[in-house]
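Note sheet for the following structure.
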Amino acid sequence: MTRDGEEALAPVLSAERVSKSFGEVQVLFSVDFDMLPGEIHALVGENGAGKSTLVKILSGFESPTSGRLLLDGEPVSLPANGAAEALGIILIHQEFNLAEHLTVTESLFLGREVTRFGVLDRRFMRAETRRILDMLGSHVDEDALISSLAVADKQMVEIAKAISRDARVIFMDEPTAVLSREETEILFDQVRKLRAKGTSFVFVTHKLNEVMELTDRVTVLRDGQWIKTAPTRLLDSDAIAQLMVGRELSSLYPAKHEPDVDEEIVLSVRGLSTGYVKDVSFDLRKGEVLGFSGLIGSGRTEIMEAITGLRSRLSGEVLVHGTPLAADDFMEGVRRGLAYMTKDRKGRGLLLEEGMTANLTLQSLGRHVRYGYLDPASEREAMARAKRRFDIRVRDDRVRVGRMSGGNQQKLMLAKVMETGPKIIIIDEPTRGIDVGTKQQIYHFIAALAREGCSVIVVSSEMPEVIGLCTRVAVMREGHLVGMLEGDDINEQTIMRYAAGLRRQAS
Amino acid sequence: MSINSGGEATTIRRRSWRDVDLRAVAPFAALALLIIIGALVNPNFISITNLANVATRSAFIAIIAVGATFVISSGDLDLSVGSMVAFVASLMILFMNSGVIADPGLMLAAAMVLTVVIGSLCGLANGLITTVGRIEPFIATLGTMGIYRGLTTWLSQGGAITLRSSELQSLYRPAYFGSVLGLPVPILVILIVTAIAAFILYRTRYGRHVTAVGSSRDVARYSGIAVNRVRTIAFIIQGLCVAIAVLLYVPRLGSTSATTGILWELQAITAVVVGGTALKGGAGRVWGTICGAFILELVGNIMLLSNFISEYLIGAIQGSIIIIAMLVQRSLTRKA
Amino acid sequence: MSINSGGEATTIRRRSWRDVDLRAVAPFAALALLIIIGALVNPNFISITNLANVATRSAFIAIIAVGATFVISSGDLDLSVGSMVAFVASLMILFMNSGVIADPGLMLAAAMVLTVVIGSLCGLANGLITTVGRIEPFIATLGTMGIYRGLTTWLSQGGAITLRSSELQSLYRPAYFGSVLGLPVPILVILIVTAIAAFILYRTRYGRHVTAVGSSRDVARYSGIAVNRVRTIAFIIQGLCVAIAVLLYVPRLGSTSATTGILWELQAITAVVVGGTALKGGAGRVWGTICGAFILELVGNIMLLSNFISEYLIGAIQGSIIIIAMLVQRSLTRKA
Amino acid sequence: DTKTIGVSIPAADHGWTSGVVYHANRVAQLLMKEHPGLKVIVKTSPDPATQANALQDLETQGIDALVILPTDPDPLVNAIKEVKGKGKFVSIVDRAPSSNDNSVRDLYVAGNNPALGQVAGEYIKKNSPEAQVVVIRGLPIPIDQQRQDGFDKAIAGSKVKVLDRQFGNWNRDDAFKVMQDFLTKYPKIDVVWCQDDDMAVGVLQAIEQAKRTDIKYVIGGAGSKDMIKKVMDGDKMIPVDVLYPPSMVGTAMELTAAAIYDQIPVHGTYTLDATLVTKDNAKGYYFPDSPF
Ligand SMILES: Nc1ncnc2c1ncn2[C@@H]1O[C@H](COP(=O)(O)OP(=O)(O)OP(=O)(O)O)[C@@H](O)[C@H]1O
Ligand SMILES: Nc1ncnc2c1ncn2[C@@H]1O[C@H](COP(=O)(O)OP(=O)(O)OP(=O)(O)O)[C@@H](O)[C@H]1O
Ligand SMILES: [Mg+2]
Ligand SMILES: [Mg+2]
């Protein structure tokens, strides 16, 4: 689809010189933005650049401090709190917006339930939900409670919810951050189908390959400023990355550093089973970066939680430096230098109502105790250090963590885990929602850790990440460890084959 | 891959259904257990008369608790219901004593309408103070609890307010003591109220919104739900339920005083929670609530019928039984 | 950019300080307002004696509410504190009446230690039932409320338990009626208890864990916090605070009865919430709690000192004042 | 043959009711010893609604006679009538409903609430004719009102002046608070009438704490052992006590047993007087074993 006649088409929705401040902190500076009918418009920028804020303004969830919005060329003030849906403007939030106690069907139709004679038409709504989920290739049960869903499934429900509405404009704030490649493909198919019918999309993402693959135009924001809007075909990933970061990026992945074969085994997992995970065994050497790949729901998170003691084991044992680690005792692991970073930063990672420092030191308060009480100065120091080390950027030091940009939350969470000074680090989805520049920093950080003699397990659904970073890759499928790849075997095809069950190593 | 994962999905589905069922069934299991214990304690216990008695008199708490299920599901709390009963009942009796309408039938009808209106207004007041005034519901309704109780004391000048006309009294009596097709009226009323409440909570848009608001205010707001309206209406429903309880209460005792309904709020909340609704909001179980109210009343009844417990210890044993009942429920649910 | 953001940071810091302060200050503003109203109502109100009286008698609720701040911050609730006071006080007096230790000084010391131990054990029981038994704290502590109250009634055979030895009584009396450097002992105790509590809540690892557990159980667990232990310890702290309140209560009247401490749990919770701690858990404000307790006591005091309110309406006006105080707080905070 | 008497009384929620419970149990044992076939079931309830339930439960157990001391009489009339309607012998103790006739009960053993107030009022009128009095009432329920009315009637037309009245909820702690505030509010108080011995405990402490010497004396009521002891010992602050004996429930039970065993015909009203306990007669009302 080409867009040569751009000028001819009138934008559906546009922002003119929109600025936004929270209190005295300005987040957007006089940004212009427009969406044409039937286009897919990428919005990219570093963490905290103001992307989420901009799409929230364009969908009525926030109101601009100055500037105006135009719908079909007419100035509008969008109704607050999602009521803009009635105008065909829909936002898929970066963080989930689903109520845990509702079922999938109930969530999909929340606020626009279908009734017959005042009675909920539950049968219709269930059938409709099923239809939409099938269309998206999702196997989520339409009667399942949201609280029982995995993160990726929640995202699919979120997408289903948006797609099911009669939309003119759909804003998607990092919808693919938690999706697998397949799911992303299916989503893109649906998006293209809707585009053909004239729906416009704004697509916020940090995955630049997806920008290239799907979108028609790109707008880049940096530090709340509009930098550039251009047709995608005139750019490439590197150019976009450079526009975002404002400097040239060297190679994303650091050089791999293989540990010696006779290096000490620091972590050894023997025949570990939980409810879903069956009989998993592997070793981790000092200074190694071990990847865990697999489809969503293949049980990677579950096994890591079982290793660290956050989840109970049915059988098997875990040895740290050759001595067994007690089951169900997360703290013992932490004391012995084992750390785990969860993938669910909102629900399990961070206290959203608290400030950054309280979160940073939560797991390592012992280090800041002096004469039996907490020393605020020492905590402040740690915070300053972490901000430098992980490049955490906030414009307001005392902001509640829940209001920080997604990527900076992720960095804060990583910083929090590293505060415990671990020797064995398990990171579940290290770069979810992280911009390319920072991604690079995190990758180099992980590599540096390994070189210093730490051992790292990277659980990731982003295959390039695993491939670029790890010297060995374990592949999980339906709760089983089906392959342990090394050297040249670490490539996309081989991993995929194992993950999909087409191949399997004898263990 | 797709075939395989399809299989996975069904296992999950089956599992979660079983889960839901057992959790809903748990209060009824506890109830059954209590009935068995009761039968062992005293053979009179299991008689129809006794069980009907217990069910009948659980009516007040049960009906109030149905309203509380709405308030609690939407994430609020109403501590004022006990005093509201006293206040609304006092006004009802005062109105009937005023004699402004000569015809007893008409008078009674008017009084009943008035009661329903006053109850709803009290609920509305609670709702507005909590939502518009943005005061934590615990405090807001603790405040109105004081207000309703104080007004009752003032209306009764410290004494009792008693329905004077014996004609009205005998006309109204069947509303509590009568029965329809062998079913005592209060039990009938419980069933009707609960059925309507279940319908509203599970089968209407409003009910869906109550759950959503209780589960997450933000999500509800972002879905275009008028959160404050939903919450306020829940309080009004609570007021309505209180009014219905009053309609049954007045013919039973024919009089109120400043002590009417004291601590009923705690009982109603307990019934709701014992019935399986979480205090944090989000999931209401109306039938469970009724079951909870019945359990509370049964515990008292069994205490009274058993003759080996020192009357001083009744409170202690009642407390223990409630804890044990909850433990039984928990272990049932955990095994699922 | 870096210079710029440095400049931003300082402005921001100033602003958010103001923010925090105002929310913390709001209860104190309400208190000040009440004192002004009190002074207008009756000139005696502002006398040192009267204010000292009010502060002194707010001691029980204040100290208990300090404990409740921990429980509520960690996301739980304890309804049993009122009956716990009665129970612990009864055991203390019974022990002193038992005369197992002849020397009065020694006896008193032993009784005080015993009280502290029993209080903590009661708290521990509440904590274990809630956490290990996984019962909603509302229900669990409603159950133990019945149990403690029932045991008290049984111990006292429904009557009063009175400290018999007049020697002990006069030895112990100054613990409530005495004063140190002109400051009544109970006020001193309030200040010490609150200072320690504030230190624990804001300056220790445990306090931080309480806040974390109260804002999100899951995040706390994934941060390696032993959630159940933190919650249980909060209940134990509550029990300890109850014990301290008992240590002040017993010397005052030298006796307990089945009515001791009735509804104190509601008052304590109200003090906590009026003081600015949210019932949902997460952020505790110990000094606010003290202020809340003082506000509650003042409202009653002003009512009694004013001449124009019918004794029947006191409850109603008390309720309204609490609501108005909360509204004042809200509007103050909103303007910030 | 076996007979059953149901006794329904308020739960022991303050001193006086605990006395009621004590005496009900005491007399129950006595009666059962005296009449081998007799079963006496004592049930306590905290409020009218629960007590109405208790009546139903007693009936379920098949009682022949009911002795009831209502927590609050009017709300219980209908429930009592239910029992009476089934032909059981009904005795009401102490608290009478507004329509207190044969259709409601067979026997009424009355404590005299108005007299309790009246005796106190008359004592004050006689001994300190120009006294400034503060009153601490119980809970806002009818018996409290009756006592208050009796008191008002007694001092009507005299120079005794009531400065203030407030509720102390028949609770020591609340009475202590109210008294503290009265002391702040009024520089000179002569007499405190607090209507109940439990509350008198709190009142005395408040006076002692304030070190006020203007208060001449405190009049309680009911006859708790502690207060009777003070009267006996000649305590200046407690010169007298007005009797309102919780043992009246025992009297009613004895009369009821007599009635169902046809020993004597009992019907109508037995009123117990509100005796003024003074130093001279106090010995006769002192029960050191009672909890009250
Ligand atoms: N409600 C709020 N109050 C205060 N500051 C806020 C609020 N919402 C956002 N911010 C701030 O605005 C800035 C921009 O945030 P925004 O979420 O728009 O970034 P983003 O571009 O979406 O980043 P990411 O890629 O990490 O999601 C951040 O510094 C954030 O802390
Ligand atoms: N057939 C099944 N039966 C029961 N549970 C299942 C089944 N399939 C998946 N699950 C659930 O899926 C979870 C495995 O997901 P887990 O989060 O560990 O996988 P993952 O590979 O880390 O995926 P993600 O990318 O979502 O993090 C388990 O907790 C398990 O309860
Ligand atoms: Mg964002
Ligand atoms: Mg995972």
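Every chain is numbered from 1 and lettered A, B, ... according to where its sequence line falls, protein lines coming before strand lines.
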Quiz: residues 414-423 of chain A side-chain donor-acceptor pairs under 3.5 angstrom, not counting sequence neighbours:
{"residue": "A/K416", "atom": "NZ", "partner": "A/G349", "partner atom": "O", "Å": "2.8"}
{"residue": "A/K416", "atom": "NZ", "partner": "C/S223", "partner atom": "OG", "Å": "2.6"}
{"residue": "A/T420", "atom": "OG1", "partner": "A/V417", "partner atom": "O", "Å": "2.8"}

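With chain C as partner, the option from A/N359, A/L352, A/L350 having the largest number of non-hydrogen pairs under 4.5 angstrom is A/L350. Highest contact tally toward chain C, considering only A/R393, A/E305, A/M341, A/H368, is held by A/E305 [criterion: heavy-atom pairs under 4.5 Å].
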For A/R348 and C/Y222, run side chain to side chain donor-acceptor pair (under 3.5 Å): C-alpha distance rounded to whole Å, both residues' side-chain angles, the deciding distance at 0.1 Å, then the answer. CA-CA 6 Å; A/R348 293 170 174 167; C/Y222 275 74; 3.2 Å; yes
Could you go through the salt bridge (charged side-chain N to carboxylate O under 4.0 Å, His left out) check for C/R208 and A/E354 one step at a time? CA-CA 11 Å; C/R208 210 52 89 65; A/E354 298 286 325; over 6 Å; no
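To the nearest 0.5 Å, atoms CZ (C/R221) and CZ (A/F330) are separated by 9.0 Å. For the atom pair A/E353 CD and C/K280 NZ, the distance stands at 11.0 Å (nearest 0.5 Å).
Summarising the geometry of A/L362 relative to C/I225, their closest heavy-atom pair is CD1-CD1, 3.8 Å, with the distance given to 0.1 Å. The two residues C/S215 and A/L351 come nearest to each other via the heavy atoms OG-CD2, 3.8 Å. Taking every heavy atom of both residues into account, C/S216 and A/G347 meet most closely at OG-O, 3.8 Å.
Proximity to chain C (any heavy atom under 4.5 Å) is restricted, for A/T361, to the side chain, taken from C-beta onward. Looking at A/E332, neither its backbone nor its side chain comes within 4.5 Å of chain C, counting heavy atoms on both sides. Within the 4.5 angstrom heavy-atom criterion, only side-chain atoms of C/F199, from C-beta onward, approach chain A.
The closest side-chain heavy-atom distance from C/H209 to A/L365 is below 4.5 Å. Annotation: side chain of A/T342 is not in contact with side chain of C/D218 (no heavy-atom distance under 4.5 Å).
Other residues, nucleotides and ligands contribute over 12 non-hydrogen atoms within 6.0 Å of the CZ atom of A/R400.
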